[in-house]
Protein chains: 2
Amino acid sequence: MSHQTEADRVLRSLDRTCPEHDPDVLRSVLDRVGDKWSLILIGLLEKEPMRFTELLRTAPGISRRMLTLTLRSLERDGLVRREIYPEVPPRVEYEVTPFGRTLTEPVLVLARWAADNQDTIRANRHAFDVAAGHNTDDLD
Amino acid sequence: MSHQTEADRVLRSLDRTCPEHDPDVLRSVLDRVGDKWSLILIGLLEKEPMRFTELLRTAPGISRRMLTLTLRSLERDGLVRREIYPEVPPRVEYEVTPFGRTLTEPVLVLARWAADNQDTIRANRHAFDVAAGHNTDDLD
DNA sequence: CGGCATCCTGTACGATACTG
DNA sequence: CAGTATCGTACAGGATGCCG
């Protein structure tokens, strides 16, 4: 019987060699896109290039500071490109790079899951909260 | 010319009705899976049910506190189920629910992207840092 | 063993004022 | 317009101890 467990252990360690099950790889992508604004900005820019202030207005609630920081880090990773037009009122446009666009599909898959299941999650949470909250006054 | 822009504006607002481009929906899924441990735990549990201490050992670097909190919130959302075996040494097992398994595919898509592109990102970062760091002493 | 309560730190993020 | 610099806060998350 414990041989069974032993076999499982081997199988699992093999499985671990598959990159998409490697916790570290998973962490790295989450560190990249798991922050508050990166995916929002990519989502907006994926449709069309936009200027700094335009993004500031379009992204609901972002601060100038976070817009700057997030754009810089996206640019650093090569997901977004910064285009400077040396005009009298300075103009800067941001656009998603081809590499950045490769991120779009995976993100859309996740977003679609979210869209499809947000109701279920809300219901589950409510049920859980009810069950936990008042096992004090619902009997009889 | 500005008519073109006007048309774009309309198209964009239509696009906005598509749930996977709605920033709010995007945020909700990130709030759910964007934290440090949720996807790791689901990844582990998706292979086989595990006990609390087992998870503590298997997930690299998680603290008891975060394991408890993360498992609770996953349970609350119906992604993970908690099974209690009333034995002499208390035993509790966690398993991914069918609903939780629907998350697996989207996550794997993202994980695969991460695995495929981590080298590119590393290279991009390095290039960016070099370019930014020393435009001080590399001319001539 | 499983897990909550407490304390503490790092940091992500926002608000605001200033610059080119 | 497109940022940078500075400050303050809220919260994620780690360490630890106690308890059933």
Side-chain angles (χ1 to χ4, degrees), chain A residues 23-24 26-41 44-45 49-77 80-95 128-129 131-133 135, chain B residues 23-24 26-41 44-45 49-77 80-95 128 132-133 135:
Chain A
D24 289 347
L26 216 47
R27 294 289 10 266
S28 76
V29 69
L30 287 181
D31 286 345
R32 170 61 278 183
V33 302
D35 69 303
K36 196 169 179 180
W37 299 110
S38 288
L39 285 191
I40 307 283
L41 294 182
L44 292 173
L45 292 175
M50 288 177 91
R51 307 177 54 172
F52 186 88
T53 312
E54 209 177 349
L55 285 167
L56 205 53
R57 282 193 308 264
T58 310
I62 195 171
S63 62
R64 274 210 297 279
R65 177 184 138 86
M66 286 318 293
L67 181 54
T68 302
L69 288 178
T70 307
L71 285 173
R72 283 291 170 278
S73 92
L74 290 173
E75 187 193 0
R76 183 167 106 109
D77 288 358
V80 157
R81 185 161 164 227
R82 183 160 172 267
E83 198 88 30
I84 308 155
Y85 301 87
E87 300 172 358
V88 183
R91 186 169 126 238
V92 178
E93 283 203 342
Y94 293 90
E95 62 180 336
F128 184 91
D129 292 346
N135 29 13
Chain B
D24 288 347
L26 218 45
R27 295 293 2 272
S28 75
V29 69
L30 286 180
D31 286 344
R32 171 61 281 184
V33 302
D35 70 304
K36 196 167 179 182
W37 299 110
S38 289
L39 286 192
I40 307 284
L41 294 183
L44 293 173
L45 292 176
M50 289 177 91
R51 307 177 55 172
F52 187 89
T53 313
E54 209 177 348
L55 284 168
L56 206 53
R57 282 193 308 264
T58 310
I62 195 171
S63 62
R64 275 209 301 277
R65 177 185 137 86
M66 287 317 294
L67 181 54
T68 303
L69 288 179
T70 307
L71 285 173
R72 281 295 167 276
S73 93
L74 290 174
E75 187 193 1
R76 183 168 105 110
D77 288 358
V80 158
R81 189 164 161 222
R82 185 161 170 266
E83 199 88 28
I84 309 155
Y85 300 87
E87 300 172 359
V88 184
R91 185 168 125 238
V92 179
E93 283 203 343
Y94 293 90
E95 62 180 337
F128 184 92
N135 30 13

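Small disclaimer: the values here were computed from a predicted structure and weren't measured. In what follows, every chain begins at residue 1, and chains take the letters A, B, ... in the order their sequences are listed.
- Once rounded to the nearest 0.5 Å, the distance linking CG of B:Leu69 with OG of B:Ser63 reads 8.0 Å.
- Applying the side-chain contact (heavy atoms from CB on, under 4.5 Å) rule to A:Pro49 yields the partners A:Glu93, A:Glu95; only residues at least two apart in sequence or on another chain are considered.
- The closest side-chain heavy-atom distance from A:Thr70 to A:Asp35 is below 4.5 Å.
- A:Leu41 has its CG atom 14 Å from the C1' atom of C:dC13, to the nearest Å.
- Between A:Leu67 atom CG and C:dG14 atom P there is a gap of 11 Å when expressed in whole angstrom units.
- Residue A:Thr68 is in base contact, counting any heavy-atom pair closer than 4.0 Å across all strands shown.
- B:Leu30 is linked by a side-chain contact (heavy atoms from CB on, under 4.5 Å) to A:Leu39, B:Arg27, counting only residues two or more places apart in sequence or in another chain.
- Here the P atom of nucleotide C:dA12 and the CG atom of A:Asp35 are 9 Å apart, to the nearest Å.
- Listed by first and then second residue, the salt bridge (Lys or Arg N to Asp or Glu O under 4.0 Å) pairs involving residues 59-73 of chain A are A:Arg72-A:Glu75 (not counting sequence neighbours).
- Rounded to an integer number of Å, the gap from CZ of B:Arg51 to C1' of C:dG3 is 14 Å.
- Pairing each heavy atom of B:Glu54 with each of B:Thr58, the nearest pair is O-OG1, 2.6 Å.
- Residues A:Leu67 and A:Phe52 share a closest heavy-atom pair of CD2-O, 3.4 Å.
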Can you pull every protein N or O that's under 3.5 Å from an N or O on nucleotides 16-20 of chain C?
unit_1, atom_1, unit_2, atom_2, d
C:dA17, N6, A:Arg64, NH2, 3.0

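- Residue contacts shown for A:Tyr85 are absent, as no nucleic acid heavy atom lies under 4.0 Å away.
- Taking each heavy atom of B:Leu55 and B:Met50 in turn, the nearest pair found is CD2-SD, 3.7 Å.
- Protein chain A touches strand DNA chain D; the 5'-most and 3'-most nucleotides with an atom under 4.0 angstrom of its non-hydrogen atoms are D:dC1 to D:dT6.
- Counting only heavy atoms from C-beta outward, the side chains of A:Val80 and A:Leu45 approach each other to under 4.5 Å.
- Counting only heavy atoms from C-beta outward, the side chains of B:Met66 and B:Leu56 never approach each other to under 4.5 Å.
- In this structure, the CE atom of A:Met66 is 13 Å from the C1' atom of C:dA15, given to the nearest Å.
- OP1 or OP2 of C:dC1 has not a single side-chain nitrogen or oxygen of B:Arg57 nearer than 4.0 Å.
- Within 6.0 Å of atom CZ in B:Arg91, more than 12 heavy atoms from other residues, nucleotides or ligands are found, so the atom counts as buried in its surroundings.
- If you check residues 70-77 of chain A against DNA chain D, the residues with a heavy atom closer than 4.0 Å are A:Arg72, listed by number.
- Between the CG atom of A:Asp31 and the C1' atom of C:dG10 there is a distance of 15 Å, rounded to whole Å.
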